[in-house]
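One structure below.
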Number of protein chains: 2
Amino acid sequence: MSASETRQQIVEVADRLFYERGFEATSFADIAKQVGLSRGNFYYHFKTKDEILGAVIAQRRANTIALLEGWESDAASPAGRILSFVHMLIANRTRIMAHGCPVGTLCNELAKLDHAAGSQAAALFSVFREWLARQFAALGHAADADALALHLLMRSQGVAALATAFRDESFIRREVADMECWLKAQCRAASGRSRRSA
Amino acid sequence: MSASETRQQIVEVADRLFYERGFEATSFADIAKQVGLSRGNFYYHFKTKDEILGAVIAQRRANTIALLEGWESDAASPAGRILSFVHMLIANRTRIMAHGCPVGTLCNELAKLDHAAGSQAAALFSVFREWLARQFAALGHAADADALALHLLMRSQGVAALATAFRDESFIRREVADMECWLKAQCRAASGRSRRSA
DNA sequence: GTCTATATGGGGATAGAC
DNA sequence: GTCTATCCCCATATAGAC
């Protein structure tokens with residue numbers, strides 16, 4: 001197998017294990033075993049654990065950007081795009097109830113470890129934040145687009161955290177429905193304002 | 001020093017370190033050092049790390065119940081009591097921005113470790129949940145008291161998660177203000193309903 | 001590019017002297 | 001109740017043969 005293919009496999013397995021078990025709890029041996037590699041050979045591809053973490057975060061960032069671009073082309077309206085974000089909670093509910101939000105839990109873990117990559121992990125949130133802010137701006141909320149983006153991110157994080165603790169799928173669905181209501185209210189507020197100013 | 005005093009000191013130090021650094025990342029040596037105990041002597045008080053975790057969770061549970069009882073006597077109205085809960089985010093903002101919510105981050109970590117104590121940690125959420133539900137019921141929201149309690153818990157978790165990632169105090173204050181608005185709306189909805197049914 | 005063998009450090013946990 | 005000394009395991013990381 002070529003080096004780049006092996007490297008890619010390592011990153012994919014590490015990505016999954018860091019999510020399912022956490023960064024610290026995942027050992028080189030765990031990753032090497034699932035890739036089908038000896039521990040020794042592992043170091044040919046990655047010198048340190050932090051290097052793998054950096055590659056995993058970079059891949060998550062690229063995947064996130066691709067995901068958002070997909071939503072951008074799938075949905076015509078800003079509101080429809082924001083709904084795609086909200087419905088991610090339902091689409092990924094099983095994994096969320098088992099392991100939480102991949103971004104939120106990684107940020108929390110790295111914050112506690114005082115790890116240098118903490119800011120790069122937090123930047124994954126920024127990718128969502130800026131994309132959501134653009135959608136809210138397009139919706140007519142130019143002035144408070146960032147605050148609305150953060151508010152929705154906040155809700156998704158809260159839902160993920162409690163869904164993990166209580167393993168309650170109906171809670172997720174109820175809160176998603178509440179976010180849909182909230183979003184509709186934001187749409188009305190924006191169109192109401194534009195009518196008044198017209 | 002008496003055994004019970006030493007034990008209590010161990011639990012307090014472990015509680016703090018589990019919060020600040022995480023459960024797995026905290027070693028016996030870390031705790032022993034801060035208590036001023038040798039590693040060997042440590043095992044006189046606690047046989048396993050899980051035993052310490054159990055004691056820490058039990059203490060957190062007792063502290064939480066005491067906290068809620070304090071709010072119960074401090075504030076006369078259910079709305080005032082709920083506000084005490086909401087304002088906890090501001091009172092603890094510095095620690096939250098550094099290490100997240102003690103309950104949420106512990107639940108997340110234990111979920112990933114597939115640790116047996118995960119359900120006991122989640123029960124800490126239940127203490128808040130049931131207390132909040134009682135306040136909402138007293139407010140006149142008997143039918144959806146639990147859903148409202150979960151909704152507020154969800155928000156506090158979301159705020160804690162993003163506050164840790166972005167270290168943004170103004171975000172916390174803005175979302176707390178939004179929760180106050182939401183709470184007022186719930187009060188109006190309850191009193192409006194009771195007037196109509198009268 | 002992959003392997004085995006190994007160095008080194010730290011973790012949890014125990015035994016037994018004081 | 002506290003200590004030192006020690007065991008064992010597993011972690012990251014390296015060296016060098018193939």
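Every chain is numbered from 1 and lettered A, B, ... according to where its sequence line falls, protein lines coming before strand lines. These numbers were taken from a predicted model, which means no experiment stands behind them.
No engagement by B:Ser4 is indicated, since no non-hydrogen atom pair under 4.0 Å with the nucleic acid exists. Nucleic acid contact for A:Tyr44: base, since at least one base atom lies under 4.0 Å from a heavy atom of the residue.
Side-chain N/O atoms of B:Thr6 include one lying less than 4.0 angstrom from OP1 or OP2 on D:dT2. For B:Ser38, no side-chain nitrogen or oxygen approaches OP1 or OP2 of D:dT2 to under 4.0 Å.
Here the C1' atom of nucleotide D:dT14 and the CZ atom of A:Phe28 are 12 Å apart, to the nearest Å. Between B:Phe42 atom CZ and D:dC3 atom P there is a gap of 12 Å when expressed in whole angstrom units. Residue A:Ile10 contributes atom CD1, which lies 12 Å from atom P of C:dG1 at whole-angstrom precision. Here the P atom of nucleotide D:dC10 and the CD atom of A:Glu24 are 17 Å apart, to the nearest Å. Separating the NZ atom of A:Lys47 from the C1' atom of D:dA13 is a distance of 10 Å, rounded to the nearest angstrom. Per the geometry, CD belonging to B:Gln9 stands 10 Å off P belonging to D:dT2, to the nearest Å. Here C:dG12 presents its P atom at 8 Å from CG of B:Asp30, a figure rounded to the nearest Å. Taking atom CD1 of B:Ile52 as the reference point, atom C1' of C:dG11 lies 13 Å away to the nearest angstrom.
A ring-centre distance under 6.0 Å is not found for A:Phe166 and A:Phe171. For A:Phe28 and A:Tyr43, the distance between ring centers is under 6.0 angstrom.
Between A:Asp50 and A:Thr48, the side chains place no donor N or O within less than 3.5 Å of an acceptor N or O (distance only, hydrogens not considered).
Proximity note for A:Ser27 (side chain, C-beta onward) versus D:dA11, D:dT2, D:dA13: the nearest is D:dA11. Side-chain proximity of A:Asn41 to C:dA13, C:dT2, D:dT12: nearest is C:dT2. The B:Leu37 side chain lies nearest to D:dC3 when the options are C:dT14, D:dC3, C:dT2. For A:Lys49, the side-chain atoms get nearest to D:dT12 when compared with the rest of C:dA13, D:dT12, D:dC3.
In this structure, A:Ala25 and A:Gly40 both approach DNA chain D, and ranking their closest nucleotides by distance from the 5' end singles out A:Ala25.
The backbone N or O of A:Leu162 lies less than 3.5 Å from no partner atom in the side chain of A:Arg167, so there is not a single donor-acceptor pair.
Applying the 6.0 Å contact sphere to NZ of B:Lys33 captures no more than 12 heavy atoms from other residues, nucleotides or ligands.
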